[in-house]
Every structure is written in C-alpha cells, then in structure tokens.
There are 2 protein chains.
Amino acid sequence: MTSLPTGSLGEVDPTSDRAVFRQIADQLREAIDRGRFREGEKLPSEAELVDHYGVSRMTVRNSFSILQGEGLVHAEHGKGVFVRPRPPVRRLASDRFARRHRDQGKSAFIVEADAAGSHPQVDGLEVKEEKASQDISTRLGSARKVLARRRRYLLDGRPVEFATSYLPLDIARGTQIAEPNPGPGGIYARLEELGHRLDHFEEEIRARMPSPAEVKTLRLASGVPVIHLIRTAYDAEGRAVEVCDTVMAADAYVLSYQLPAN
Amino acid sequence: MTSLPTGSLGEVDPTSDRAVFRQIADQLREAIDRGRFREGEKLPSEAELVDHYGVSRMTVRNSFSILQGEGLVHAEHGKGVFVRPRPPVRRLASDRFARRHRDQGKSAFIVEADAAGSHPQVDGLEVKEEKASQDISTRLGSARKVLARRRRYLLDGRPVEFATSYLPLDIARGTQIAEPNPGPGGIYARLEELGHRLDHFEEEIRARMPSPAEVKTLRLASGVPVIHLIRTAYDAEGRAVEVCDTVMAADAYVLSYQLPAN
DNA sequence: CTTGCCCACTCGTCTATACGAGTATGCCTG
DNA sequence: CAGGCATACTCGTATAGACGAGTGGGCAAG
C-alpha cells in the first residue's frame, strides 16, 4: 500500500447547495494553500480524484478548470496537473527612466536584468513607419504618421513583455531612432540630442486578461492576466514626443512608484 | 423566417488541428470584436449554436467558458450569454494624496467620485488592533502590533475596491485615527497633526486573478483580474507610518502616474 | 549495454443524455 | 383588468462513455 495522493482530501456533499465540482475545487485549493501540495508538485490525477470522490471525470475536470482560471494550477498533457510555481518577479522602479540612468550604453531592461542575475534578451525587433491609430494619434498631439518600434523582452528565455514605441514621424524620420539600434542610452538619449529635452513621463496602468495573440507571444499560462502600461514622454515644451505601449505578463512583474507627498 | 442570430458565424472544420470548441470561440470572439455583437447584447443560445455547428452542447459550453475566461462574455442563468460591457473606469491619479487635496473635509474617494458624477459609498468599516503579519511588520519597520482600518468602496452601488490601512500601534492608539471617523482630511491629516509630516509614498502594484473571497467581496465577473496595490507612507524622518493594502476590480480602474524625467 | 517498441498512465476533445433551476411570456382564471 | 400559473427557453450540474495524443518506464531484441 503506497500512501494515497488523495490522503489529505475529504469528501463532498452531493446534497449541498454548493456544486460538487466547486467543493472539490475548494478542497484542492485549501490543500494547496496549506502547503499540502507545494509549488511545482503534481496533484492527484483525474482518475485518482474520480475514485476518491466517486464522481465522473468531467466533474473533476471542471474543478481543475476553476483552479486553472484562478492561476493556481496548470495542466501538462501526458504528465499531470501541477501547482503553478510563482515565478520570481521583476521589479520595475519608477525612476528607471531617470536621466542619470541613461549615460550607460545599455538599455534599462538589460542593465536591470544583469543586476538581478538573470539573462536578458531582446527579440523580434521591428521598426517601421505607420499610420497612427486613433488612440496613439490623440496621445501624440494629433500626429498622423508615426515611427513604430516593436520588440519583445525575455528573461532567461521566458518572454515577459512586449512593447511598441510610437514617435511622430517629423521627429524620428531619418534619425538614429529609425535605426534598429538607436545607440547608447536608447531613443530617449537621441530625443534629447535632437533638442527635445525630456520633462516628465505619464504612465497609465490597466490589468486585464490577455487576448489569444498575447497568450501566444508571452507564452502565458491560463489564469495569468497582463498588465497594460501606456507611457507618454513629454519634452520641456510640453509636447508628447513618444508613446510606449507595453504588455507585461502580470506574474512576472511588480511595478513600484515613488510619489512625493507634496 | 426570422433573421438567424447565428447569421454571421461560419462553420468549423472537425479535421483541423485546432479543437472545435476553440474554433467556435474564435468565431464568436471575432464577431464580438467586429461589433457584430455589441456590449450587453445577447449571444446565440447554447441550443442555437448546437444546431448551427452540429456539435454537442458541452462543446458549445466549452467555447463559452473560454470567452468567459478572457473576460469577454458573462452568462446569466435563465437569460443567456452576453457580451460583457466595459464598465466606465475610474482613474486614479498619482497626486491623489498630495497635501493640497487634504484640506477638504472629504476623503479622496468621495471627492473624486462626486467630481465624476457617480454615487460613492463606503462600506463595512472595521477598525481594530491586530498582530501584524510578517509582511506588514517588515514594511512598517518591524512593528509588532498595528491598528487596522478596513473598508470597502462602492461606486453607484457596485463594489470596486477594498482596502486595509495598517498603522503602528504606538502612533495610532488613542488618537482619532483609531476612531471610525478619522475626521477631515483623513488619517494622513491626523498623522501630520501628530508630528509625522509626510515625505513620500511608495506604491507597489501587482495584477493577478482574485481569490474566491475577493470574487465575493467585489462581486467580480469571471475573467476579471484584480489590481493589488500596496502603498507605504513615509514621514520626514524616513519612518514608515502607514501601509495601505488595496485590492481593486481591474475592470474599474486605470492607474495614472506622473514621473519626472529628472 | 543500448536501442527501440509497447504499454500504461496522463490530460484533451467530443458525444449523448438527464435533470435542476432561473427567467420571461402568454394565456387563463377570477 | 389583474393576478397567477403553465410553459418554453435559458444556463447549471452531473453522468457515462469513447477516442486521441503526449509522456515515461519497462521489457525485449539486437
């Protein structure tokens, strides 16, 4: 007799108001919360739970799908259902675009990742001229055509965010900003060289569930939301000179802001 | 012959690599994106889709559950499945705690909501002394006992966030901060009167799927993540004088921050 | 010993059916 | 006309079964 993998699980009450598959989900959730099943550990298989609870397989799968929607577990075809490990999170400090960080040759992402001991990569770089969407045009003070710089960021091989920078074409065209490699200090350094001394940034933050395309690009597990960050850079004259639209895997980030109390 | 509610939907290819229920979800998603079904509008019923696609009901339900997980639709028992309306979002500006906003008698939440023309409410206020959790204790400079102020916020009857403020007991005990109504300008005004001139705030932002308790408290639809914000207030001496832990319905908020370019 | 295949076990997809419960509508009764 | 009930339609829950496909271990052949 080997020890039962369902050992710490109780029974369900079919006459309860609460649906059986919810009761099962509750028990599994509690077992996970209590550490009965640890991060990365395999939960009992569907068949084992069918036996244990005396319910049909679809009922068990229904329970798993609840926990999956909560981001607590993930299923691997042919292997089992596992407690989803909480990946180490990447902190984004609000001063990451401060001028003092721009003298280095490397981009903010690379510098930070190196400091944290992870292996950073940038991927799928694409630079092209486009017609601005309604939203981007509004944010950029009615610019019609823009230069778009797209790229994806990875940490230790895992995609964690992708971002698109939009700049008014009359600023960026023909400059190094339109080159794949914008040079040391990135496009913000180039903007300042072009006479657009940066004054402040504005960041808008939303959270939502990812679209299928985002799931694919960021290789998101189910039950993982995305953080959608839209940053607008303003120069000293109050002109919006760049909009950066970033979608981040929410389980990979903690954003951090410092606010003065005035 | 009435017009078919499934009119704009195509067929599925059972031999495709892509599972039938995913193909159906894809078609419904696209129809929604294209505006074929508008916000709040009812999608074809399960039975209609069963007829249209020639599949079993569970397959259709599977498709719906995908869209629900994406936060695109929500089901109402006895009525149908509807395109989830995007609720009006509440903007949280990063200067909402600036000293200049504190001279008014009302709290930041009430002032903002009134200005936006919505009806604000505060709910379930609870003030009590507690042993600090490990995390809170660390953030408050190893405080062991704290005063906890919990409350829930609603807009037009809809719960949108709940928050708990933690203050070191040696600061808050016996002051008006420990009263249900902390007086004009809120606890920050009281802290300053007690000699803790506020210097700056630090905010940490995460996004994740809600726990069942959070779903209940915020009456969240499935497929809606929460934004978890942890704010620490520091006085002029660098001491952490308050930690505020806030959980917000992500579909009700856009956070907005202004950052200096330095 | 190594290679390769088979098999057992895992989750993924799909069908068919049944009953329960919430909602809306229209008809029938008073 | 008003009220109430029957009914049809909606989604929710649950069962039982079937086949497919990915994974991994053990066994047999080389």
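Below, chain A is the first sequence line, B the second, and so on; all start at residue 1.
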Using nucleotides 5-7 of chain C, report all nitrogen or oxygen pairs with the protein that are shorter than 3.5 Å.
none

Partner residues of [X] under the ring pair (Phe, Tyr, Trp, His ring centres under 6.0 Å) criterion, sequence neighbours left out:
| X | answer |
| --- | --- |
| Phe64(B) | none |
| Tyr153(A) | Phe109(A) |
| Tyr257(A) | Tyr257(B) |

Checklist entry - Thr59(B) side chain to Phe21(B) main-chain N or O, any donor-acceptor pair under 3.5 Å? => result no
Checklist entry - Hey, does the side chain of Glu214(B) reach the backbone of Ser211(B) with a donor-acceptor pair shorter than 3.5 angstrom? => result yes
Item to check | Glu11(B): partners by side chain to side chain contact (heavy atoms under 4.5 Å, CB included), with sequence neighbours left out | outcome: none
Next on the checklist: Test of understanding: with side chain to side chain contact (heavy atoms under 4.5 Å, CB included), list the residues that count as partners of Asp135(B), not counting sequence neighbours.
Outcome noted: Ser133(B), Arg139(B)
Checklist outcome for this item: Here the residues of residues 12-20 of chain B within 4.0 Å heavy-atom distance, strictly under, of DNA chain D are none
Item to check | DNA chain D contacts among residues 50-61 of chain B, heavy-atom distance under 4.0 Å | outcome: Arg57(B), Met58(B), Arg61(B)
Next on the checklist: It should be established whether Arg22(B) places a side-chain nitrogen or oxygen under 4.0 Å from OP1 or OP2 of nucleotide dT13(C).
Outcome noted: yes
Whole-Å distance separating the [atom1] atom of [X] from the [atom2] atom of [N]:
| X | N | atom1 | atom2 | answer |
| --- | --- | --- | --- | --- |
| His74(A) | dT10(C) | NE2 | C1' | 14 Å |
| Leu67(A) | dC11(C) | CG | P | 13 Å |
| Gln23(B) | dT13(C) | CD | C1' | 12 Å |
| Asn62(A) | dC11(D) | CG | P | 16 Å |
| His77(B) | dG22(C) | NE2 | P | 6 Å |
| Ile66(A) | dA14(D) | CD1 | C1' | 14 Å |
| Glu76(A) | dC11(C) | CD | P | 11 Å |
| Glu46(B) | dA16(C) | CD | C1' | 15 Å |

Item to check | Test applied, salt bridge (charged side-chain N to carboxylate O under 4.0 Å, His left out); reference residue, Asp251(B); option that passes from Arg86(B), Arg158(B), Arg90(B), Arg219(B) | outcome: Arg158(B)
Next on the checklist: When you compare the side chain of Asp245(B) with that of His228(B), does any pair of heavy atoms fall below 4.5 Å?
Outcome noted: yes
Checklist entry - Do Leu49(B) and Leu9(B) have side-chain heavy atoms sitting under 4.5 Å apart? => result yes
Checklist outcome for this item: Distance col, row Glu161(A):CD vs Arg152(A):CZ, nearest 0.5 angstrom, shows 11.5 Å
Filtered N/O pairs between nucleotides 24-27 of chain D and protein, under 3.5 Å:
none

Checklist entry - Quick one: side-chain hydrogen bond (donor to acceptor under 3.5 Å, both in side chains) partners of Arg206(B), sequence neighbours excluded? => result Glu204(B)
Checklist outcome for this item: Contacts of Asp26(B) meeting salt bridge (charged side-chain N to carboxylate O under 4.0 Å, His left out) (sequence neighbours excluded), chain-then-number -> Arg18(B), Arg29(B)
Next on the checklist: For Glu41(B), give me all partners under salt bridge (charged side-chain N to carboxylate O under 4.0 Å, His left out), at least two apart in sequence or on another chain.
Outcome noted: none
Next on the checklist: Of the options dG22(D), dC11(D), dT10(D), whose atoms approach the side-chain atoms of Glu48(B) most closely?
Outcome noted: dT10(D)
